[in-house]
Asker: 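Please see the structure below; I have some questions.
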2 protein chains.
Amino acid sequence: MSADKIADALETDIVGGAYHPGEELKQGKIADRFSVSRIPVRDALQLLAARGVIELVPNKRARVISLSASEIDEVYALRLLLESDCLRQSIQNMTDIDIGAIERALAHSDIDAKTERWADSDWEFHESLYRPSKRPRQLAMIESLRKTCRIHIAGYGILPSRTEGWLDDHARLLDACRSRSENQAVNILTRHIENARDTLMSALPGTDSAPHGQA
Amino acid sequence: MSADKIADALETDIVGGAYHPGEELKQGKIADRFSVSRIPVRDALQLLAARGVIELVPNKRARVISLSASEIDEVYALRLLLESDCLRQSIQNMTDIDIGAIERALAHSDIDAKTERWADSDWEFHESLYRPSKRPRQLAMIESLRKTCRIHIAGYGILPSRTEGWLDDHARLLDACRSRSENQAVNILTRHIENARDTLMSALPGTDSAPHGQA
DNA sequence: CCGCCTCAAAATGTATACATTTATACATTT
DNA sequence: AAATGTATAAATGTATACATTTTGAGGCGG
């Protein structure tokens, strides 16, 4: 098993909530688990650090990222900026074929609602929304920021209780795309993301139910 | 010499134009140069890949990034989005102390105009503009995108011939900050960045003087 | 003359062994 | 008992040696 595969496996575990934010990853343990030496494990950890999944300080143990409230707030501000712009670009380029792909992604996420695959399907839907923008780098940034959020959501055990509301947002986003209503789509998306932000913020350890307060 | 230092030294060389886009970096050569084994060199290369300075594919040689015209176009689109937003946030938080820091950075970049230190001073000025935004993550993204541009500018041997115009833009940006004119500042910044983009695009190998054409 | 295959040289990937740094537990002191 | 210093254990960083993959040159055939 090579560094890439190890990184992918670890990332799946981390975004799935098997490790919570701040938890340590020891090279030796991981090497044993995958039956390799520590060298490819080190490479894998570097890759995860590059993807923003773990934090790596020389001579210290690797840790799953753990963001403060204000850091999470900035991440969501960046998501609002990048995803809104991406959606605008996307709608401007959107063909009927793209609409079809979004419809399929919506149906798929409908099936996976309330299951453990929800997060994956949710991302697939948004990716289908953003892909027509033809902005691969921007899309990668968005995916990375979303992964950051997901690690915290999974790590703090936030259940997908509001899945219905989110599915509803998705359906309305699709409608806005069908009619090429840029502003309407961006409005829906903005509320969608702000909603997710507040859900996460109020579940943060230390802050008890303070939806978007201090910064 | 450890991985961090090696990465920093290599990055300085690359953004300084010692390597041009697409050029190969061989682990063995670098290891000899710094009198270490290939292990810390590999770590350094991973760090540079994480910073977006080189491209790293398993079993292949490391290469300095080399972006196509459309990729560079996307990078500038992202810069326009992120830097404009950052400047707005910054001006909203800006104190007189911050203004003073911008004034000093402007004076410093004035001194370094037309020297090889221009690029560093230019970044210092923009950093002083953006720092009051209190968006460290957004600032890091901007710095990374700018570094990407700088690698290509340096690698294709674009001389700082238009430095006076850019210094003028900086002075006008400072004025706009003094009067807290968000829109005016963003307008100046937008033209400033678009100007730099067109300068780079028309110097790209393969495209001869086509300022912002196909995408 | 161009394209393709083969094979040796070179570069990257990995395991093992060892050095260095960090962390934990324990004893000591106040 | 709390705080501090020290020693032992554990984890990370690096060098060397070897396996694997890529690459590039040369020869072969079209």
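Residue numbers begin at 1 in each chain, while the letters A, B, ... track the order of the sequences. On a predicted model such as this, the values are computed, not experimentally measured, just so you know. Worth knowing before you read on, the calculation uses all heavy atoms, side chains too, and leaves out hydrogens, waters and symmetry mates.
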Asker: Answer with yes or no after comparing the ring centroid distance for B:H192 and B:H170 against a 6.0 Å cut-off, counting only values under it.
Answerer: yes
Asker: So, is A:R42 close to the D:dG13 phosphate, meaning a side-chain N or O under 4.0 Å from OP1 or OP2?
Answerer: yes
Asker: Looking at D:dG24, I'd like to know if its phosphate oxygens (OP1 or OP2) sit under 4.0 Å from a side-chain N or O belonging to B:R61.
Answerer: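 Checking D:dG24 against B:R61, a side-chain N or O does come within under 4.0 Å of OP1 or OP2.
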Asker: Side chain of A:S2, heavy atoms from C-beta onward: which of C:dT14, D:dA11, C:dA15 has the nearest atom to it?
Answerer: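 Given the options C:dT14, D:dA11, C:dA15, the side chain of A:S2 is closest to C:dT14.
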Asker: Can A:L25 and A:I54 be said to form a side chain to side chain contact (heavy atoms under 4.5 Å, CB included), step by step?
Answerer: CA-CA 9 Å; A:L25 302 178; A:I54 66 172; 3.8 Å; yes
Asker: Calculate the interatomic distance between B:I30 atom CD1 and C:dA11 atom P; express it in whole Å.
Answerer: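 These atoms are roughly 12 Å apart.
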Asker: Without swapping roles, check the side chain of B:S84 against the backbone of B:V186 for a donor-acceptor pair under 3.5 Å.
Answerer: no
Asker: In whole angstrom, what separates A:K29's NZ from D:dT12's P?
Answerer: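 Nearest whole value for this atom pair: 11 Å.
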Asker: According to the Watson-Crick and G-U wobble definitions, with both distances under 3.5 Å, which nucleotide is paired to C:dT29?
Answerer: D:dA2
Asker: Output the rounded distance in Å from CD1 (B:I6) to C1' (D:dA15).
Answerer: 13 Å
Asker: What nitrogen or oxygen pairs link the protein and nucleotides 17-20 of chain C at under 3.5 Å?
Answerer:
none

Asker: Think A:Q27 has a side-chain N or O under 4.0 angstrom from the OP1 or OP2 of D:dA10?
Answerer: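 So the side chain of A:Q27 is outside the cut-off, no N or O lying under 4.0 Å from OP1 or OP2 of D:dA10.
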Asker: Given atom CG of A:L56 and atom P of D:dT12, what is their separation to the nearest angstrom?
Answerer: 10 Å
Asker: Output the single nucleotide from C:dT14, C:dT12, D:dT14 whose closest atom is nearest the side chain of A:P40.
Answerer: C:dT14
Asker: Grab the CG-P distance between A:L25 and D:dA11 for me, whole Å please.
Answerer: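 Taking atom P of D:dA11 as the reference, CG of A:L25 is at 13 Å.
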Asker: To the nearest Å, how far apart are B:Q46 CD and D:dG13 P?
Answerer: 13 Å
Asker: When you match A:D43 and A:K60 each to their closest nucleotide on DNA chain C, which lands nearer the 5' end?
Answerer: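 The residue closer to the strand's 5' end, by nearest nucleotide, is A:D43.
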Asker: Is the closest basic N to carboxylate O distance between B:R150 and B:D120 below 4.0 Å?
Answerer: yes
Asker: Mind running side-chain hydrogen bond (donor to acceptor under 3.5 Å, both in side chains) on B:S68 and B:E71 for me, showing each step along the way?
Answerer: CA-CA 5 Å; B:S68 68; B:E71 288 173 312; 3.3 Å; yes
Asker: For the pair B:K60 and B:E55, find out whether any cationic side-chain nitrogen is under 4.0 Å from an anionic carboxylate oxygen.
Answerer: no
Asker: Could you pick out which residue, A:P58 or A:M1, lies toward the 5' side of DNA chain C when each is mapped onto its nearest nucleotide?
Answerer: A:M1
Asker: Could you check how far CG of B:D4 sits from P of D:dT14, rounded to whole Å?
Answerer: 9 Å
Asker: Expressed in angstrom and rounded to an integer, what is the separation of B:I54 atom CD1 from C:dT12 atom P?
Answerer: 11 Å
Asker: Salt-bridged, B:R135 to A:E74, with N to O below 4.0 Å?
Answerer: no
